[in-house]
Participant: 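One structure coming up, written as structure tokens, with questions to follow.
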Amino acid sequence: MAGGGFVSQSGGKVYEGGVNAFVVITCMVAAMGGLIFGYDLGISGGVTSMETFLKQFFPSVYEQQEKAAGGNQYCKFDSQLLTLFTSSLYLAALFASFFASIVTRAFGRKMSMLVGGLVFLLGSILNGAAVNVEMLIIGRLLLGFGVGFANQSVPVYLSEMAPAKIRGALNIGFQMAITIGIFVANLINYGTAQIKGGWGWRLSLALAAVPAIMMSVGALFLPDTPNSILERGNTEKAKQMLKKIRGLDDVDEEFQDLVDACEAAKRVQHPWKNIMQPRYRPQLVICMFIPFFQQLTGINVITFYAPVLYKTLGFGDSASLMSAVISGAVNVVATIVSIVTVDRFGRKFLFLEGGIQMFISQIAVGLMIWKNFGVNGEGSMSGGKEADILLFLICVYVAGFAWSWGPLGWLVPSEICPLEIRSAGQAINVSVNMLLTFFIGQLFLSMLCHMKFGLFFFFAGFVAVMTVFIHFFLPETKNVPIEEMNGAWKAHWFWGKFIPDDAVIGHHHASNVELYGKVV
Ligand code: BGC
């Protein structure tokens, strides 16, 4: 560190310069990338519960669902082909994230966002015009490709643009956009399901073009991050950009740290081989476990299948879609809580509180479904007080997720890696996330069919494990400048021994424990 920054009370170094309109607007535009991801997370469940859609593309599921009336409710939507419609997207996103990591590193974050938006646009056109299952699935694959690019580039973009003290809040703009996307999709499904003639699903799918256009146009106008400009060798331009986003003329100190980080990164030729070295073990483990656990909270059971789940539980068509709208709204509002608190209370506090809240509500949901449907799945919960309580419990669960694992699942992996492995770390995060999203999307309906109410206990068990994991293995990263993250790792009781002394910028100025506190 040139010149030595001063240390804030909460740990980490504080550079001069703060928040200005330019950086906030830039980050808001970039966060739009979350909309495309959110829109299709939210749209497919409602579409697959629409009768005309089922009749046209999945007639056998339609018949099976009709036959189940009064019989075993747990299994009425169990079809691998139907779930492939939802889940294929995430498989494509998984593959795309590896290409995207190369583009993000070699051509910048902005280019990845642009590519993502355009491919996504193509997918939405194909979906809206679909006349057979092939068109549907190919469209979904293109959407997935777009999502892979967006999820690779947007979180990193946000974390690099933001000043350290509000990095959490700005980065969560991404999750905020995801939840808005899901919510808008829920609302649109509610509306299009009422359309006479039954072509509403077409509108639902085609409207994905709107966020795609927003993201593509946004990306055209966005500047790239100083870190990325520097990574691609343009020192002067990178410095100008840093001045602009910090609203300051004197950014020498932060810039020097960026240059140091970039030089360290340049010495590394192969980020992929590199991330396998023991010194990056902490980041590698966290970049794999965070997305793995995020999906095993079971959140996408609600996101994808809320309408189907509510229908399975005996809610009527319109009540099911409405209930999805309600839990979608809770998701958006609760995300705001994390924006306000993440840089103050820190990441770990939110993880732990959210975990406990999700655990309790999941157990309660499981018990209620057990009580009402038993092991044979015969029964119903149409309306009444019980149904209200169930919806309430699901909302408590969604809120717990929305201020913990939802946003932090994207924030933490994007901020914990040094520059030389940042793109690789993020690609691992995205691909593990997508892989697990794929599995949950693909298997949920048959898991529900076989595990019944026990499914909710299954996810609750994982929530317990991940909460303990966070407590012991995640260092607190609030307010730590992004290119100084190694200091936070070095101070960690377990991971500290993996980090060589020379990996810590400014290690000769103060001990890391002094800088970052002892991290449990
Ligand atoms: C997750 C998605 C999830 C969404 C719910 C995101 O952070 O990655 O899988 O559907 O949150 O709000």
Side-chain angles (χ1 to χ4, degrees), residues 31 33-46 86-87 89-91 93-94 97 143-144 147-148 150-152 154-155 158 168 171-186 211 287-309 324-339 342 347 350-351 354-355 358 394-414 426 428-444 459 462-463 466:
L35 276 183
I36 63 170
F37 180 38
Y39 190 82
D40 45 51
L41 283 164
I43 207 76
S44 64
T86 297
S87 63
L89 191 155
Y90 303 96
L91 217 46
L94 189 167
S97 69
L143 296 182
V147 167
N151 289 9
Q152 167 74 23
V154 174
L158 295 171
N171 181 289
I172 293 177
F174 178 62
Q175 176 73 11
M176 189 72 206
I178 295 177
T179 60
I180 293 175
I182 296 173
F183 177 62
V184 170
N186 292 157
C287 283
M288 288 170 71
F289 271 96
I290 294 263
F292 174 81
F293 282 141
Q294 189 207 48
Q295 289 307 311
L296 283 167
T297 56
I299 186 66
N300 282 327
V301 166
I302 307 294
T303 324
F304 292 147
Y305 298 118
V308 175
L309 180 71
V325 170
I326 295 173
S327 39
V330 169
N331 196 8
V332 177
V333 175
T335 305
I336 300 173
V337 174
S338 69
I339 293 189
V342 69
R347 286 58 167 150
L350 290 175
F351 266 128
M358 283 192 285
I394 291 180
C395 289
V396 172
Y397 162 77
V398 168
F401 177 87
W403 56 58
S404 62
W405 282 89
L408 301 177
W410 295 104
L411 168 62
V412 170
S414 78
Q426 182 66 1
I428 291 175
N429 173 41
V430 177
S431 51
V432 174
N433 195 310
M434 294 301 129
L435 184 68
L436 270 288
T437 308
F438 166 77
F439 276 122
I440 303 272
Q442 184 61 27
L443 297 181
F444 164 68
F459 287 125
F462 270 106
V463 169
M466 67 186 80

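Read the numbers this way: they start at 1 and go in the same order the structure lists the ligands and their atoms.
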Participant: Under a strict 4.0 Å criterion on non-hydrogen atoms, which protein residues are in contact with ligand 1?
Facilitator: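 Under the 4.0 Å cut-off, ligand 1 touches Phe37, Leu41, Gln175, Thr179, Ile182, Gln294, Gln295, Asn300, Thr303, Asn331, Phe401, Gly406, Trp410, Asn433.
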Participant: Is the shortest heavy-atom distance from the side chain of Tyr90 to the side chain of Asn433 under 4.5 Å?
Facilitator: no
Participant: Which heavy atom in Gly406 sits nearest to a heavy atom in Gln175, and how many Å separate them?
Facilitator: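 Minimum heavy-atom contact is O-OE1, 3.3 Å.
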Participant: Just to verify, what does Leu436 make a side-chain contact (heavy atoms from CB on, under 4.5 Å) with, not counting sequence neighbours?
Facilitator: Phe292, Gln295, Leu296, Val432
Participant: Among Leu408, Leu411, Leu350, exactly one meets side chain to side chain contact (heavy atoms under 4.5 Å, CB included) together with Ser338. Which residue is that?
Facilitator: Leu350
Participant: If you compare all heavy atoms of Phe293 against all heavy atoms of Met466, which two are closest, and at what distance to 0.1 Å?
Facilitator: O-CE, 3.2 Å
Participant: So, for Asn186 and Ala324, which heavy atoms are closest and what is the spacing to 0.1 Å?
Facilitator: OD1-O, 3.1 Å
